[in-house]
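Report on one structure; see the data block that follows.
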Protein chains: 2
Amino acid sequence: MVRGRLADIKPAAVAEEPGAGVVERLFLAAEALVAEHGFEAVSSRDITARAGANLAAINYYFGSKNLLMFAIFKARAAELNRDRAALLRQAVARDPGDARGILRALIEPPTLWVSDERKMALRFLNRARGEGPREIREVIETDVRHLRRFADALATALPHFPREDIMWRLHFALGVLHHNSAADYARLALLSEGLCTPDDREALLQRLLVFIAAGFGV
Amino acid sequence: MVRGRLADIKPAAVAEEPGAGVVERLFLAAEALVAEHGFEAVSSRDITARAGANLAAINYYFGSKNLLMFAIFKARAAELNRDRAALLRQAVARDPGDARGILRALIEPPTLWVSDERKMALRFLNRARGEGPREIREVIETDVRHLRRFADALATALPHFPREDIMWRLHFALGVLHHNSAADYARLALLSEGLCTPDDREALLQRLLVFIAAGFGV
DNA sequence: AATTACGTCAAACATTTGTTTTAATCGATT
DNA sequence: AATCGATTAAAACAAATGTTTGACGTAATT
């Protein structure tokens, strides 16, 4: 009786082919369902039905429903952080004093993730922040290593800023970025009478960069 | 057999005295519990236990648990909107071209709501945005009348801005404001190594105003 | 005093949830 | 071919959920 083989799972190896393994299908089904309907609205039965798997599959392969969610979160958060870290490295290597480049490294990945799978990943991560299981939210709250890289880079680029200022503004900038769910865009589209849509991602990236960089005075 | 007396309820009349009526106690208990633990973590039994009421009281007085949540949401959202609208009126009457004053009207109420009851109300509203029942989220998405007042005022104050720009920046500004849960502050405190805490509300208001006004170029 | 409406209470209801169990099935290796 | 481990399948499980019921008491009204 083998159970809870979480250690064996390679979360990055997620294929989209319909004939993919059960583990991948569960991963993608859970991610898409949560992205669309939220954590609480998605049951184990919904996930296994969409994945074409048996109800027991989640517990067999992941140990529990929450561990499945945690695996998805870890995989997607790692992808996002990796993209951001790479851009941050490039920006700092190019010019350590270019605060705008550093901010762009923070903004660009979530803004330009536009493939279907990536969109789902982003919406999953966005939801996880507020609705996700306690284990996930704790990681988000307590693991600040990724953000500290940006804080340090910004402190170097803006030596005249007190560190407290850097932190607060970084906090505000993250607020802008997290406020990017489909629901938020729906309200914006309604408010602007269809004038503002998130379709043109390059334009959105520019708007975000201009707004946030202005907040940093650069 | 009388049931679902929602129409009779005056949500604004919320007293804090321990001897208050069952309706008020249910209202405050549900609000506080949701503020602290989130919508999904709070059951009807939790609420009635905290309110010192019978399990059936929620359905008797409000018709259902969701209608109770909706009543709380309506009451608190109305309070917040009323405060903001009053400040907006004053700001525009003082100087229709003062964009910063308009933005302050948007920022000040949620930032200076510091009494225990008000803090609970804010955390409830913040949670409602993402985790709340569908009915609440639909109202948030579709009822943009309140925001449109600010958009119009900003458009008047900043005539050289294309309306699209106003809308996007207002959208970004709301992102900053919504990003104000206890969890977010916990992460900020950790990230800044205790440097940044939301205790000094006047200072926080100033920081928010500076950041957002800069985003509007004013 | 009788009646009526209102409020409270404990109990039960029907669902749905995540998880576990037990058996059957498949596939490769011996 | 036989065996053994890994996977799938169906069923059952216990716990928790929101809601409803019907009885009981009480206070006001007729």
Could I get the full list of side chain to side chain contact (heavy atoms under 4.5 Å, CB included) partners for B/Asp199, not counting sequence neighbours? B/Thr197
Over how many whole Å does the gap from A/Asn66 atom CG to C/dT19 atom P extend? 7 Å
B/Ile58 CD1 to D/dT17 P, straight-line distance once rounded to whole Å: 12 Å
Go through D/dT8, C/dA10, D/dA10 for me and flag the one nearest to the A/Ala56 side chain. D/dA10
I want to verify a distance call: between D/dT19, C/dC6, C/dG18, whose nearest atom is closest to the A/Ser43 side chain? C/dG18
Contact list for DNA chain D against residues 123-138 of chain B - heavy-atom distance below 4.0 Å: none
salt_bridge(B/Arg137, B/Glu141) N-O dist < 4.0 Å: no
Taking ring-ring contact (aromatic ring centres under 6.0 Å, His included) as the test, write out the residues that go with B/His37, two or more places apart. none
Would you mind reading off the distance between B/Met69 atom CE and D/dT17 atom P, rounded to a whole angstrom? 12 Å
Using a heavy-atom cut-off of 4.0 Å across all strands, would you classify A/Leu55 as base, sugar-phosphate, or nothing? base
Got a salt bridge between A/Asp165 and A/Arg169, using NZ or NE/NH1/NH2 to carboxylate O under 4.0 Å? yes
Round to a whole Å and report the spacing from CD of A/Glu40 to P of C/dG18. 9 Å
What is the nucleic acid contact for A/Ala57, judged by heavy atoms within less than 4.0 Å: base, sugar-phosphate only, or nothing? nothing
Can you see if the side chain of B/Tyr61 gets near the phosphate of C/dT8 - specifically, an N or O under 4.0 Å from OP1 or OP2? yes
Short side-chain N/O contact from A/Tyr60 to OP1 or OP2 of D/dT8, under 4.0 Å: no
Between C1' on D/dT20 and CG on B/Leu67, what's the gap in Å once rounded to a whole number? 16 Å
Measure the acute angle between the ring planes of B/Phe70 and B/Phe73, then classify it against the limits of 30° and 60° as parallel, tilted or perpendicular. tilted
Rounded distance in Å - CZ (A/Arg25) to C1' (D/dT8): 11 Å
What's the NZ-P distance between B/Lys65 and D/dA16, to the nearest Å? 15 Å
Against the side chain of B/Asn59, the closest entry in D/dT7, C/dT8, D/dT20 is D/dT20
Would you say B/Ser44 reaches D/dT17's phosphate, i.e. side-chain N/O to OP1/OP2 under 4.0 Å? no
Position toward the 5' end of DNA chain C (nearest nucleotide), A/Asn54 or B/Asn54: B/Asn54
Could you state the atom-to-atom distance from CZ of A/Phe39 to P of C/dG18 in whole Å? 13 Å
Answer yes or no: is there an ion pair linking B/Glu79 with B/Arg76, defined by an N-O contact shorter than 4.0 Å? yes
Using a strict cut-off of less than 4.0 Å between a Lys/Arg side-chain nitrogen and an Asp/Glu carboxylate oxygen, indicate whether A/Glu164 and B/Arg207 qualify as a salt bridge. yes
Closest to the B/Arg45 side chain: C/dT19, D/dT7, D/dT19? D/dT19
Salt bridge check, B/Asp152 against B/Arg163: does any charged N sit closer than 4.0 Å to a carboxylate O? yes
